[in-house]
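Have a look at the structure below, then the notes.
Letters A, B, ... are given to chains in the order of the sequence lines, protein chains preceding strands, and every chain is numbered from 1. Just so it is clear, the structure is predicted and the values come from calculations on it, not from any experiment.
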Protein chains: 2
Amino acid sequence: MARTMSTDRIVTLRGDQELVARAGDLIAGARQEFLVAATDPWTFSPGVNAAFARGKRPHMAPGMVMRKLYTPRAVADAESVRRLLKIAATGPEVRIAAAPLTHEAIVLDGRTAILAGAPESGVRTYTVVRTPEVVASIRSLIAATWETADGLAAFSGRPRPDLTEESRRILRTLGAGHTDETASRHLGMSLRTYRRRVAELMETLDATSRFQAGVRARDLGVGG
Amino acid sequence: MARTMSTDRIVTLRGDQELVARAGDLIAGARQEFLVAATDPWTFSPGVNAAFARGKRPHMAPGMVMRKLYTPRAVADAESVRRLLKIAATGPEVRIAAAPLTHEAIVLDGRTAILAGAPESGVRTYTVVRTPEVVASIRSLIAATWETADGLAAFSGRPRPDLTEESRRILRTLGAGHTDETASRHLGMSLRTYRRRVAELMETLDATSRFQAGVRARDLGVGG
DNA sequence: CGCCGCGTGGCAGCAAGGTGCCAGTTCCGC
DNA sequence: GCGGAACTGGCACCTTGCTGCCACGCGGCG
């Protein structure tokens with residue numbers, strides 16, 4: 001029958017100090033998975049960065065999944081993008097969701113969720129949840145948003161390579177799924193030259209496999 | 001200081017009957033907003049439809065926002081799409097998120113969340129949450145997923161393939177530009193199995209080259 | 001128990017992709 | 001005309017990707 005949860009499964013903390021004091025070790029103790037969803041990397045700063053400063057930082061162990069999901073606000077200017085790229089360089093994956101994430105959320109190892117609430121009379125509140133169903137739901141929703149979010153690359157202001165008409169034609173034949181053999185004949189050039197073109201294209205697309213090249217090409221709007 | 005939530009703010013219900021008995025009025029009582037995130041319209045059926053059958057159905061009042069968010073599985077075949085279109089015709093907005101929503105969630109008027117958990121010994125459990133921060137977070141995440149989800153119109157044509165989590169992982173490693181060798185090791189499977197998976201994936205993507213598969217994968221929002 | 005179906009992994013062999021090398025051609029500018 | 005840079009295509013060789021075949025292990029099922 002209906003069963004009320006034990007009270008320690010959900011706790012509200014008031015202010016950053018209390019967050020650090022009560023949840024710092026929790027955050028640092030993440031082992032397999034560390035998910036963050038927030039508007040930008042500075043939202044949590046007052047509290048979480050204070051914790052991080054004391055070494056209470058989740059360790060980037062091998063096999064650890066560390067994902068940070070932000071809103072477009074996090075890439076509003078070039079400076080912000082640079083800071084994000086620096087974050088990404090230290091290990092975590094970073095993506096930008098199209099929609100605003102008004103409430104920051106952290107999920108630790110799929111077992112604990114830390115949810116930021118609106119400030120009450122100037123003091124930020126944080127809710128620590130351990131109820132399995134609730135944490136699983138939040139984790140699932142973050143995963144869904146993550147899935148449709150763009151990688152940082154789309155925002156790093158990397159100038160999109162300007163492709164010649166021939167390059168576009170080659171990308172189209174590649175996208176058509178032909179073999180190099182038939183594609184080259186179709187384009188009226190030798191196999192050798194065709195492959196040379198493809199190699200050059202992959203260079204400009206910064207791709208190391210044809211699959212990756214396909215993804216990148218699609219991002220540029222060609223290939224389909 | 002730390003404050004433990006009052007115990008009635010989070011309750012776990014066991015089984016559909018209990019859901020109907022204890023939360024039926026809650027669901028029917030939604031006035032401004034009714035959000036559902038689930039894999040497909042039939043996941044909740046045993047419990048919620050039973051409640052609906054007794055007239056405990058949220059009323060489509062003017063000004064009421066009623067949104068139903070499903071996964072690609074909900075539009076896996078033409079029959080399912082038809083049923084969804086019928087649902088949409090009665091009022092609610094329906095969208096399809098690219099990613100799997102493994103845990104069903106309902107949010108009522110931004111004040112109450114009902115989260116489905118995994119069945120325990122055959123009995124489905126539902127967790128009713130009223131903690132404001134938790135509900136607000138879940139609502140925000142559903143909104144973010146909703147924002148990037150596609151309308152039903154995009155699917156009334158051909159059904160988009162329903163990819164498993166493993167498939168997504170494989171597409172991501174492909175998109176990362178690894179060789180099969182390193183990719184398979186990274187995913188902890190043999191080279192042979194990895195290639196088998198890739199072959200299967202290319203089949204479902206209807207691609208004849210890896211480049212083409214990359215393009216198709218990008219169209220589905222995975223691989224980057 | 002044996003038998004099945006099923007998923008996995010190793011191996012072999014082939015197909016496809018990728019590249020260094022060199023010869024031939026074209027198109028400059030001197 | 002001459003030399004050289006730039007581009008092309010053929011050849012050879014290697015890597016990578018792809019798949020058929022078979023063996024092994026595992027969980028039902030009679």
Results of side chain to side chain contact (heavy atoms under 4.5 Å, CB included) for B:T112 - residues two or more places apart only: B:L26, B:L108, B:V128, B:R130

Which side-chain N or O atoms in residues 185-192 of chain B pair as donor and acceptor under 3.5 Å with protein atoms at least two apart or in another chain?
residue, atom, partner, partner atom, Å
B:S190, OG, B:R192, N, 3.4
B:S190, OG, B:T193, N, 3.1
B:S190, OG, B:T193, OG1, 3.1

Residues which pass salt bridge (Lys or Arg N to Asp or Glu O under 4.0 Å) with A:R82, listed by chain and number, not counting sequence neighbours: A:E79

Interatomic distance, B:R197 CZ vs D:dT19 C1' [rounded to whole Å]: 15 Å

B:E200 CD - D:dG20 P separation (whole Å): 13 Å

Contacts of A:D109 that satisfy salt bridge (Lys or Arg N to Asp or Glu O under 4.0 Å) - sequence neighbours left out: A:R111

Under the salt bridge (Lys or Arg N to Asp or Glu O under 4.0 Å) test, residues paired with A:R67 that sit two or more places apart: A:E93

Under 4.0 angstrom between B:T193 side-chain N/O and C:dT8 OP1 or OP2: no

Footprint string (nucleotides 11-24 of chain C, 5' to 3'): B base within contact, S backbone only, - free, heavy atoms under 4.0 Å: B-----BBBBB---

